[in-house]
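For reference, the structure is listed below as structure tokens.
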Amino acid sequence: ERVARTLNDLGALLTERGDYATAEPSLERALAMRRRLLGSEHADVAVTLVELARVYQDQGFNQRAEPLEREALAIRRKVLGEEHRETAVSLSGVASVLRLNGDLAGAEPLLRQVLALNRKTRGEAHPNTGTTLHDLGLIAAARGDYASAQSLFRQAMDTHQKALGDNHPYVAITLN
């Protein structure tokens, strides 16, 4: 289990560095080990599924990411419950893939659910809350509702500034 955790952590770090070619096999190996050692419905399996989905999504392979995000969500719902903060992370992952695939109607209600969960489990001034506001702003902008988008982006920026400071990349992304 420690080797699988180390492979997962290494894959996540490599993903942060943008080294997807090295991250992917590390995460695939971690996933296979975790499934074999822990079973298919374990919280740690969901963690690796989310990390591997992020590798695919960051590269634009949303069709490969979506089933992994959905599997992680199903595991977290079963193991952690509907109102757990990690369940919110998986809901957000599914919503992100849907939004990037142009399914705004599918993504928006999930993001509203994520926002409520983040506010409840993490608080108003948490980076995940700010990111969810930002993602809702992207949906509003894509629909041409620029007034709502601007309001959501301002809320996201305020939340990120409070949580992370003025010089964090999330603040810059929202300003952009």
Side-chain angles (χ1 to χ4, degrees), residues 8-9 11-18 20 23 27 43 46-62 64-66 68-77 80-143 145-176:
N8 180 85
D9 294 347
L13 176 65
L14 291 165
T15 301
E16 285 295 319
R17 292 182 54 200
Y20 304 115
L27 290 166
V47 168
T48 305
L49 285 164
V50 168
E51 292 298 340
L52 185 57
R54 189 167 58 118
V55 167
Y56 295 146
Q57 191 172 342
D58 285 357
Q59 296 179 90
F61 303 134
N62 297 323
R64 291 177 75 184
E66 185 175 354
L68 300 179
E69 293 284 9
R70 289 188 183 278
E71 183 180 354
L73 176 59
I75 292 169
R76 286 177 166 167
R77 280 179 163 156
L80 304 173
E82 284 291 336
E83 297 199 357
H84 195 277
R85 65 181 188 225
E86 293 304 315
T87 303
V89 169
S90 285
L91 279 167
S92 181
V94 172
S96 178
V97 169
L98 292 175
R99 181 184 59 78
L100 290 169
N101 285 336
D103 183 1
L104 304 181
E108 185 174 16
L110 294 179
L111 286 172
R112 296 217 178 271
Q113 186 179 357
V114 170
L115 183 60
L117 280 170
N118 281 337
R119 285 176 167 157
K120 181 178 179 179
T121 62
R122 298 178 190 269
E124 194 66 45
H126 190 276
N128 288 31
T129 303
T131 298
T132 305
L133 289 163
H134 181 267
D135 290 349
L136 284 165
L138 291 172
I139 288 175
R143 289 192 168 139
D145 184 356
Y146 301 118
S148 292
Q150 183 179 21
S151 173
L152 288 161
F153 288 144
R154 287 188 188 282
Q155 290 175 59
M157 188 171 59
D158 289 344
T159 301
H160 283 141
Q161 284 175 316
K162 287 176 191 169
L164 303 168
D166 291 336
N167 296 320
H168 195 277
Y170 288 176
V171 174
I173 289 167
T174 305
L175 280 169
N176 184 48

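Not a single donor-acceptor pair under 3.5 Å links the side chain of Ser148 to the backbone N or O of Ala140. In this structure a side-chain-to-backbone donor-acceptor pair under 3.5 Å is present from Thr132 to Asn128. Under the 3.5 Å distance criterion, the side-chain polar atoms of Thr129 are matched with a main-chain donor or acceptor of Gly123.
Judged as a side chain to side chain donor-acceptor pair (under 3.5 Å), and not counting sequence neighbours, Thr159 has no contacts. With sequence neighbours excluded, the residues forming a side chain to side chain contact (heavy atoms under 4.5 Å, CB included) with Val47 are Asn8, Arg34, Arg76, listed by chain and number. Residues passing the side chain to side chain donor-acceptor pair (under 3.5 Å) test with Ser96 are Gln57, sequence neighbours excluded. In this view, Asn101 satisfies the side chain to side chain donor-acceptor pair (under 3.5 Å) rule with no residue, not counting sequence neighbours. Partners of Glu82 according to the side chain to side chain contact (heavy atoms under 4.5 Å, CB included) rule, which considers only residues two or more places apart in sequence or in another chain, are Arg77, Gln113. Among residues two or more places apart in sequence or in another chain, the side chain to side chain contact (heavy atoms under 4.5 Å, CB included) test is passed with Ser151 by Gln155. The side chain to side chain donor-acceptor pair (under 3.5 Å) test applied to Glu83 returns Lys120, not counting sequence neighbours.
Between atom CG of residue Leu104 and atom CG of residue Leu136 there is a gap of 11.0 Å, rounded to the nearest 0.5 Å. Atoms OG and CG, on Ser92 and Leu110 in that order, are 9.0 Å from each other to the nearest 0.5 Å. Note that CG of Leu80 is 5.0 Å distant from OG1 of Thr87, once rounded to the nearest 0.5 Å. Distance check, rounded to the nearest 0.5 Å: CG of Leu68 to CD of Glu51 gives 11.5 Å. Here the straight-line distance linking atom OH of Tyr20 with atom CG of Asp58 works out to 3.5 Å at 0.5 Å rounding. Remark: Arg119 CZ to Glu124 CD distance equals 4.0 Å, nearest 0.5 Å.
Side-chain contact between Thr131 and His160: present, with at least one pair of heavy atoms (C-beta onward) separated by less than 4.5 Å.
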Let me have the donor-acceptor pairs involving side chains of residues 11-18, under 3.5 Å, with sequence neighbours excluded, atom names and distances please.
| from | atom 1 | to | atom 2 | distance (Å) |
| --- | --- | --- | --- | --- |
| Thr15 | OG1 | Gly11 | O | 2.8 |
| Glu16 | OE2 | Arg54 | NH1 | 2.6 |

Pair up each side-chain donor or acceptor in residues 161-176 with any protein partner under 3.5 Å, not counting sequence neighbours, and list the distances.
| from | atom 1 | to | atom 2 | distance (Å) |
| --- | --- | --- | --- | --- |
| Gln161 | NE2 | Asp166 | OD1 | 3.3 |
| His168 | ND1 | Tyr170 | N | 3.0 |
| Thr174 | OG1 | Tyr170 | O | 3.0 |

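Counting heavy-atom neighbours within 6.0 Å of Arg64 CZ, excluding the residue itself, gives a total above 12.
Annotation: salt bridge (Lys or Arg N to Asp or Glu O under 4.0 Å) contacts involving residues 167-176, sequence neighbours excluded, are absent. Contacts classified as ring-ring contact (aromatic ring centres under 6.0 Å, His included) and involving residues 108-143 (residues at least two apart or in different chains) are given here: His134-Phe153. Among residues at least two apart or in separate chains, salt bridge (Lys or Arg N to Asp or Glu O under 4.0 Å) pairs with a member in residues 97-110 are Glu108-Arg112, Glu108-Arg143.
Ala149 approaches Ala141 most closely through the heavy-atom pair CB-N, 3.6 Å. Closest of all the heavy-atom pairs between Val55 and Ala23 is CG2-CB, 4.1 Å. Scanning all heavy atoms of the two residues, the minimum distance from Ala107 to Ala95 falls at CB-O, 3.4 Å. The two residues Arg70 and Leu98 have their closest heavy-atom pair at NH2-CD2, 3.7 Å. What you find for Glu86 and Arg122 is that their closest heavy atoms are OE2-NH2, 3.6 Å.
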Inset, instruction - Go through the steps to decide whether Ser90 and Val50 satisfy the test side chain to side chain contact (heavy atoms under 4.5 Å, CB included), and finish with yes or no. - result: CA-CA 7 Å; Ser90 285; Val50 168; 3.8 Å; yes
